[in-house]
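In this text, all values refer to a predicted model and were calculated from it rather than measured experimentally. Residue numbers count from 1 along this sequence.
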Amino acid sequence: MTTTEQLKPRTGAEVTGGGGSRGRWLALAVLVLAVLLVAVDATVLGLATPSLSEELKPSGTQLLWIGDIYSFVIAGLLVSMGSLGDRMGRKKLLLTGATAFGAVSVLTAYATSPEMMIVARALLGVAGATLMPSTLALIRNIFSDPRERSLAIGIWGATASAGAAVGPVVGGALLQHFYWGSVFLINLPVMIVLVVVGVKLLPESKNPVAGPWDLLSVGLSLVGVIGVVYAVKEAATHGPTPQVALATAVGAAALYAFVRRQFTLPAPLLDMRLFKDRGFSGAVVADLLTVFGLSGLLFFLSQFLQLVQGREPLEAGLAELPAAVGAVVTGLVAGHVARRFAVRTVVAGGLGAIGLALGALTLVHQDSGYPLLGASLLIVGLGAGFSFTVTADVILSSVPKEQAGAASAVSETAYELGAALGIALLGSIVTGVYQGFTAPATVPGPVAEAAHDSLGGAVEAARTLDPQTAHTMVGAAQEAFVDGLRLASGVSAAVLLATAAAAWFLLKGQKLQDGVEH
C-alpha cells in the first residue's frame, strides 16, 4: 500500500473508501469551505463593479483587467501549484494558500486606486491557485469508492454554486450598508474556519515518488499561459498590434518549450501522457469552452441588472439565484444520472441546454421582465450542474491517485483559462458595441470621453450635466450596453452549442467507474 493510500485524519477516523466511517465526510466538509471561499470571491466582484467603478474610477481597460487578472494569474499557476501539492503535500499547500488568500483579501478591500486593485487581484490569483487543485486532489485520494467520489464531487460542485448564490446576496446586503471593499472582507471568517478546522480534520496526501519541483517548467508555464491570454485580450480590444504579435510569439514559444521539457524530465511537472486519454482530453476541452461561453456574459450581468434596470445590489444578487439553485440540484445527482444514461448524453445535454438558454438572452432589452432572465438563468444552472460535475469526475477517474493534483490542476486551468478568455473576448464585444453610442452634442468632450469608458462611468459623468441631457446620454449608453450584451449572448450560445456537439463525439463510450478501488 502506498503512502497516498494510507490516508488518516488526526482524529484517527479512517478516510479511505468503504466502511461507514464519517471521517472522510468531515474532511469533505472542510474542503468545500475552500471552494466556497473562491466562489464567493469570484461572484462578488461582478456585483461590486458599479460601486467600485464609482469610487476608483477605472478606465474601461482597467475595469477589464480588474475582472480578468485574477483568472490570468490562476490559469498561469494552477499546473505548477497542482504539481507542488503532489510533492509537498496537498493539505499543507491548501492551508497555506487559504491563509494567504484571507490576508490578500484585506489588501483588496482597502485598495485606493485601479492599479492597486489590479495588483491585489493578481496576488489573490497566486493564493487562489493553491486552493482548487488541492481540494479536488484530496477528494480523489480520500474517496476510493467511485460512487461515493461522484457524490463528493457533486457536493464540491454544489458548494461552488452555493457560493455563487451566497456571494451576490451577502455582497448585495453589504453594499447597501457599507462600502464596496466590504464584499472582500467576507472571505476572512471562512478562511479562519477552514484553517483552524482543517489542521485537525484533513488528511495529508502526496505523491511519494514525484521527484523535484522543476522551477524552469514553472516559469515556462506561467509565461506561456499569461502571454497567450494577454495576446488574445489585447487583440480583441485593440486589434493586431506589434505588442500582440510579441506576446503571442513569447507565449507560444514558452508553451512549446514547456511541453518539450515535460517529455524529457524523469519527474515532469505535468505528465503530458494524460492527454492521450480521450475522455480526459474531451472533458478538459468541454470545460474550457463552456466557461468561455459563460464567463464574459455573466461578468456584465450584474451591471445590466443594476445600471440598466436600476435594481439595488441586494435585489440584483437575488435575481441571479436561479443559476446557482439549478447547479446545486443537478450537481448532486449528476453522477447517478451519468451512470444511468451515459456520460456523453448528460454532458452534451447539459451544454446544449445552456446554449439554448443563452440564445434566449438575445431577446433581452432594457425593460425586459424578470421571467425571461430568471428562466434562462435557471436552465443555465441546471445544465452547468450536470456538465461540470460529470466532466470533473471523468478527469479525476482517468488518472492514478498519485497524479490527482496535476490532473485537478489541468481541469482548473481549463476553467480559469476559459474564464479569462471569455471575459477578454466577450467582454470586448460588449465594450466595443457600447463605446459606439453617440452622446448628445451639448456634452463637453471630457465628460463624453469618461462616459464612453464604461457604463458605470457614464452614470457617474451624467451627474455633472443638466437632468435632460443626463437622461438622454445615460439612455443612449444603456441601449448600447444592452446591444452589446445581446451580441455577446448570441456568440456565447453558438460556442455552447458547438461544444455540446463536440462533447457528444469526444466522450463516446466514456463511463464513470463503479467498482471500489484497492
Asker: Taking only residues two or more places apart in sequence or in another chain, which ones pass side-chain hydrogen bond (donor to acceptor under 3.5 Å, both in side chains) with Thr330?
Answerer: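 Not a single residue meets the side-chain hydrogen bond (donor to acceptor under 3.5 Å, both in side chains) criterion with Thr330.
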Asker: Which pair of heavy atoms, one from Val346 and one from Ala338, lies closest together, and at what distance?
Answerer: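 Heavy-atom minimum between the residues: CG2-CA, 3.6 Å.
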Asker: What heavy-atom pair brings Ala488 and Ile429 nearest, and what distance separates the two atoms?
Answerer: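 Minimum heavy-atom separation between Ala488 and Ile429: N-CG2, 4.2 Å.
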Asker: Return each pair, listed once, that meets salt bridge (charged side-chain N to carboxylate O under 4.0 Å, His left out) where at least one residue sits in residues 213-230; pairs must be two or more places apart or across chains.
Answerer: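 Sorted pair list: Asp214-Arg261.
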Asker: Applying side-chain contact (heavy atoms from CB on, under 4.5 Å) to Leu93 and Arg90, what does each step give before you reach the verdict?
Answerer: CA-CA 5 Å; Leu93 184 64; Arg90 291 137 190 166; 5.8 Å; no
Asker: Is there a side-chain contact between Thr96 and Thr99 (heavy atoms, below 4.5 Å)?
Answerer: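 Side chain of Thr96 against side chain of Thr99, heavy atoms only: no contact under 4.5 Å found.
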Asker: Below 4.5 Å, heavy atoms only, C-beta onward: do Leu507 and Val390 meet side chain to side chain?
Answerer: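 When only atoms from C-beta onward are counted, Val390 and Leu507 do not touch, as no gap falls below 4.5 Å.
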Asker: Supply the atom-to-atom distance Thr391 OG1 to Leu288 CG, rounded to the nearest 0.5 angstrom.
Answerer: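 Result: 11.5 Å between the selected atoms.
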Asker: What distance separates Leu216 CG from Phe258 CZ, expressed to the nearest 0.5 Å?
Answerer: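 The CZ atom of Phe258 is 10.0 Å from CG of Leu216, to the nearest 0.5 Å.
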Asker: Suppose we screen for side-chain hydrogen bond (donor to acceptor under 3.5 Å, both in side chains). Which residues come up paired with Tyr256, at least two apart in sequence or across chains?
Answerer: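 Tyr256 satisfies side-chain hydrogen bond (donor to acceptor under 3.5 Å, both in side chains) with Arg260 once adjacent residues are dropped.
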Asker: Specify the closest pair of heavy atoms between Ala98 and Leu131, including all atoms of both residues, with the distance to one decimal.
Answerer: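 So the two residues come closest at N-CD2, 3.5 Å.
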Asker: Give me the atom names and distance for the closest heavy-atom approach of Ala480 to Val433.
Answerer: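 Closest approach of Ala480 to Val433, heavy atoms only: O-CG1, 3.6 Å.
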Asker: Is the number of heavy atoms from other residues, nucleotides or ligands under 6.0 Å of Glu115 CD greater than 12?
Answerer: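 Enclosed: over 12 neighbouring heavy atoms sit under 6.0 Å from CD of Glu115.
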Asker: Please enumerate all residues that pass side-chain hydrogen bond (donor to acceptor under 3.5 Å, both in side chains) together with Thr130, with sequence neighbours excluded.
Answerer: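 With neighbours one apart ignored, the set is empty.
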Asker: Considering all heavy atoms of both residues, which atom of Ala231 and which atom of Ala247 are nearest to each other, and what is their separation?
Answerer: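 For Ala231 and Ala247, the tightest heavy-atom pair comes out as CB-CB, 3.9 Å.
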Asker: To the nearest 0.5 Å, tell me how far Asp393 CG sits from Gln510 CD.
Answerer: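 Reported value, rounded in 0.5 Å steps: 10.0 Å.
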Asker: Check whether more than 12 heavy atoms from other residues, nucleotides or ligands sit under 6.0 Å from atom OH of Tyr110, and answer yes or no.
Answerer: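 Atom OH in Tyr110 is not crowded, with 12 or fewer foreign heavy atoms closer than 6.0 Å.
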Asker: Tell me the salt bridge (charged side-chain N to carboxylate O under 4.0 Å, His left out) pairs involving residues 97-107, sequence neighbours left out?
Answerer: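 Counting only pairs at least two positions apart or across chains, no salt bridge (charged side-chain N to carboxylate O under 4.0 Å, His left out) contact touches residues 97-107.
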Asker: Are the side chain of Thr362 and the backbone of Leu358 linked by a donor-acceptor contact shorter than 3.5 Å?
Answerer: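 No, the answer is negative, given that no donor and acceptor are paired below the 3.5 Å cut-off.
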Asker: Could you tell me if the side chain of Phe184 sits less than 4.5 Å from the side chain of Val106, heavy atoms only?
Answerer: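 They are not in side-chain contact.
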Asker: Show, in sequence, the C-alpha distance, side-chain angles and deciding distance for Leu107 and Met116, and conclude whether the side-chain contact (heavy atoms from CB on, under 4.5 Å) test is met.
Answerer: CA-CA 9 Å; Leu107 176 64; Met116 183 177 176; 3.5 Å; yes
Asker: Roughly how far, to the nearest 0.5 Å, is the CZ atom of Arg486 from the CG atom of Asp483?
Answerer: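 One finds 4.5 Å between CG of Asp483 and CZ of Arg486.
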Asker: Do the non-hydrogen side-chain atoms of Gln478 and Leu307 ever get within less than 4.5 Å of each other?
Answerer: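 The answer is no, as the side chains (C-beta and beyond) never meet within the 4.5 Å cut-off.
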Asker: Please give me the minimum heavy-atom distance between Gly359 and Ala493, naming the atom from each residue.
Answerer: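 What the structure gives for the nearest pair is N-CB, 3.5 Å.
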Asker: Roughly how far, to the nearest 0.5 Å, is the OG1 atom of Thr290 from the CG atom of Leu351?
Answerer: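 That separation rounds to 4.0 Å.
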Asker: Walk me through it: do Phe101 and Met191 pass the test side-chain contact (heavy atoms from CB on, under 4.5 Å)?
Answerer: CA-CA 8 Å; Phe101 198 93; Met191 180 277 293; 5.6 Å; no
Asker: Identify which one of Val364, Ile354, Leu361, Leu356 satisfies the side-chain contact (heavy atoms from CB on, under 4.5 Å) criterion when paired with Ser376.
Answerer: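 Per the side-chain contact (heavy atoms from CB on, under 4.5 Å) rule, the option paired with Ser376 is Leu361, out of Val364, Ile354, Leu361, Leu356.
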Asker: Show your working on side-chain contact (heavy atoms from CB on, under 4.5 Å) between Val104 and Thr108 and close with a plain yes or no.
Answerer: CA-CA 6 Å; Val104 179; Thr108 309; 4.2 Å; yes
Asker: Sub-3.5 Å donor-acceptor pair from the side chain of Arg344 to the main-chain atoms of Phe505, do we have one?
Answerer: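 Absent.
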Asker: Working to the nearest 0.5 Å, report the span between NZ of Lys91 and CG of Leu31.
Answerer: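 One finds 11.0 Å between NZ of Lys91 and CG of Leu31.
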Asker: Between His452 and Phe437 (side chain of the first, backbone of the second, donor and acceptor by atom type, cut-off under 3.5 Å), is there such a pair?
Answerer: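 Between the backbone of Phe437 and the side chain of His452 there is a qualifying donor-acceptor contact (under 3.5 Å).
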Asker: Not counting sequence neighbours, which residues clear side-chain hydrogen bond (donor to acceptor under 3.5 Å, both in side chains) with Ser80? List them please.
Answerer: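 Applying side-chain hydrogen bond (donor to acceptor under 3.5 Å, both in side chains) to Ser80 gives Ser221.
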